[in-house]
Amino acid sequence: FRFQTQEAGEQVRTGYEVPARSRRTFKVNEVLGADYQASLAVESTSPIVAERPMYFDYMGTGAYHWEGGHCVMGATALSKEYYFAEGTTRPGFEGWITLQNPNNYAITVDADYQLGAGQGDPVQYVYEVAAGFRRTVFLPDEVGWNKDVSVKLSSDDGFLAERPMYFDYSCGGLEVQGGHCVIGADLPASEWLFAEGYTGGAFQEWLCLQNPENTAAEVEITYYTQEEGELPARQVTIPALTRVTLIVN
């Protein structure tokens with residue numbers, strides 16, 4: 001395990017094994033130690049599959065006391081670009097960007113933030129990430145509060161980016177709290193597919209659409225339902241360099 005920490009740079013832990021055709025669970029709090037903000041490169045003598053579940057009772061910057069968990073599958077390679085369509089700095093939300101540099105040299109990451117319609121022009125920042133370190137970015141510090149925000153991250157060198165978010169969500173009578181986390185997409189695409197979706201009961205589903213290009217994007221959305229099959233397509237225009245949010249319900 002090669003941990004890239006925000007506090008002490010790279011920390012290496014070796015000598016662990018996973019028996020043939022089996023699964024092992026490692027508690028990072030014990031392998032690495034307490035009180036680190038850490039990214040991780042897992043290296044193995046044989047091909048493996050690795051995921052990272054996290055569970056939290058997180059105070060947040062406003063003493064929210066959020067409780068929950070999230071889990072992601074690791075990336076198998078670094079990329080020079082990452083895109084995140086979702087992000088918000090509305091009340092009750094905390095959005096972060098985590099930047100991992102497992103290289104043995106420092107890197108520079110350019111950030112282009114695209115905001116919701118009428119919320120302002122795109123915002124640019126440049127982040128330095130030292131060799132073997134991890135850097136954390138707090139979205140409200142970059143774009144301000146009460147924004148819906150997407151971001152494009154780019155570098156001349158390979159890196160990894162994730163977006164943890166924690167929330168106290170209240171809308172239409174639904175009140176939930178928790179958190180989620182994803183690894184960024186490494187390129188835009190002309191087609192995206194989602195197998196899951198539900199608009200019944202106490203569920204609220206959203207789509208976040210990011211347009212990082214300099215021209216408007218015409219998007220067609222087709223829903224395939226379990227109850228009625230394919231529904232008539234919907235059309236939406238996303239202006240250049242903006243983000244659009246749709247409630248599927």
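The residues of the chain are indexed from 1 along the displayed sequence.
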Just by modelled atom types, is the [Y] backbone N or O under 3.5 Å from a matching donor or acceptor in the [X] side chain?
X: Ser44; Y: Pro47; answer: no
X: Tyr82; Y: Ser79; answer: yes
X: Asn101; Y: Asn103; answer: yes
X: Thr225; Y: Gly229; answer: yes
X: Lys147; Y: Gln119; answer: yes

Around [X], counting heavy atoms of other residues, nucleotides and ligands shown, do more than 12 lie under 6.0 Å from its [atom1]?
X: Asp141; atom1: CG; value: yes
X: Gln235; atom1: CD; value: yes
X: Met54; atom1: CE; value: no
X: Asn29; atom1: CG; value: yes
X: Asp57; atom1: CG; value: yes
X: Glu17; atom1: CD; value: no

Quick check: closest heavy atoms across [X] and [Y], and the distance to 0.1 Å?
X: Ile107; Y: Ser155; value: CB-OG, 4.3 Å
X: Pro212; Y: Leu241; value: O-CD2, 3.3 Å
X: Ser150; Y: Ala85; value: OG-O, 2.6 Å
X: Val49; Y: Met73; value: CG1-CE, 4.1 Å
X: Val31; Y: Phe1; value: CG1-CD1, 3.9 Å
X: Thr199; Y: Asn249; value: O-ND2, 3.6 Å

Could you check whether [X] pairs with [Y] (Lys NZ or Arg NE/NH1/NH2 to Asp/Glu carboxylate O, under 4.0 Å)?
X: Arg52; Y: Glu162; answer: yes
X: Asp148; Y: Arg90; answer: yes
X: Glu86; Y: Arg163; answer: no
X: Glu220; Y: Arg234; answer: no

Hydrophobic cluster membership, [X] vs [Y], 4.5 Å side-chain cutoff:
X: Val137; Y: Tyr36; answer: no
X: Val182; Y: Tyr83; answer: no
X: Tyr105; Y: Tyr127; answer: yes
X: Phe138; Y: Tyr58; answer: yes
X: Leu246; Y: Trp206; answer: no

Q: Walk me through it: do Gln4 and Phe133 pass the test side-chain contact (heavy atoms from CB on, under 4.5 Å)?
A: CA-CA 5 Å; Gln4 291 83 44; Phe133 272 75; 5.6 Å; no
Q) Are Phe56 and His70 close enough, and set up right, to give a ring-ring contact (aromatic ring centres under 6.0 Å, His included), and what steps lead you there? A) CA-CA 9 Å; Phe56 53 83; His70 50 65; 5.6 Å; yes
**Q.** side-chain contact (heavy atoms from CB on, under 4.5 Å) between Trp66 and Asp168, intermediate numbers included
**A.** CA-CA 8 Å; Trp66 288 312; Asp168 187 355; 3.5 Å; yes
Q: Taking the six-membered ring for Trp and the full ring for Phe, Tyr or His, determine whether the centres of Phe93 and Tyr166 are under 6.0 Å apart.
A: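 No.
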Any side-chain heavy atom of [X] within less than 4.5 Å of one from [Y]?
X: Leu139; Y: Trp96; value: no
X: Tyr64; Y: Glu94; value: yes
X: Asp112; Y: Pro122; value: no
X: Ile97; Y: Phe84; value: yes
X: Val244; Y: Asn211; value: no
X: Leu99; Y: Thr136; value: no
X: Leu40; Y: Arg2; value: no
X: Leu207; Y: Phe194; value: yes

**Q.** Pairwise salt bridge (Lys or Arg N to Asp or Glu O under 4.0 Å) hits with a residue in residues 191-206, at least two apart
**A.** none
Q. After noting the C-alpha distance and the side-chain angles of Glu67 and Gln177, does the key distance pass the side chain to side chain donor-acceptor pair (under 3.5 Å) rule?
A. CA-CA 7 Å; Glu67 297 177 329; Gln177 54 120 330; 4.6 Å; no
Q) Which is it for Asp186 and Glu81 under the side-chain contact (heavy atoms from CB on, under 4.5 Å) test, yes or no, and what are the steps along the way? A) CA-CA 5 Å; Asp186 58 5; Glu81 287 187 344; 5.8 Å; no
Rounded distance (nearest 0.5 Å) linking atom [atom1] of [X] with atom [atom2] of [Y]:
X: Thr242; Y: Leu115; atom1: OG1; atom2: CG; answer: 9.5 Å
X: Phe3; Y: Gln100; atom1: CZ; atom2: CD; answer: 11.0 Å
X: Ile48; Y: Arg23; atom1: CD1; atom2: CZ; answer: 12.5 Å
X: Asn146; Y: Thr88; atom1: CG; atom2: OG1; answer: 8.0 Å
X: Arg134; Y: Glu7; atom1: CZ; atom2: CD; answer: 8.0 Å
X: Gln37; Y: Thr5; atom1: CD; atom2: OG1; answer: 9.0 Å

Q: Specify whether Tyr113 and Tyr125 have parallel, tilted or perpendicular ring planes, treating 30° as the upper limit for parallel and 60° as the lower limit for perpendicular.
A: perpendicular
Q | Parallel, tilted or perpendicular: ring planes of His180 versus Phe167, cut at 30 and 60 degrees | A | tilted
(Q) Run the side-chain contact (heavy atoms from CB on, under 4.5 Å) test on Phe159 and Leu78 for me, step by step, so that the C-alpha distance in whole Å, both residues' side-chain angles and the decisive distance to 0.1 Å come before the verdict. (A) CA-CA 5 Å; Phe159 69 106; Leu78 303 177; 5.6 Å; no
Side chains of [X] and [Y]: donor-acceptor distance under 3.5 Å anywhere?
X: Thr245; Y: Arg243; value: yes
X: Glu128; Y: Thr108; value: yes
X: Glu230; Y: Thr222; value: no
X: Tyr169; Y: Gln204; value: yes
X: Gln210; Y: Gln114; value: yes

(Q) Applying ring-ring contact (aromatic ring centres under 6.0 Å, His included), can you list everything that pairs with Tyr198, at least two apart in sequence or on another chain? (A)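 Here the qualifying residues are Phe203.
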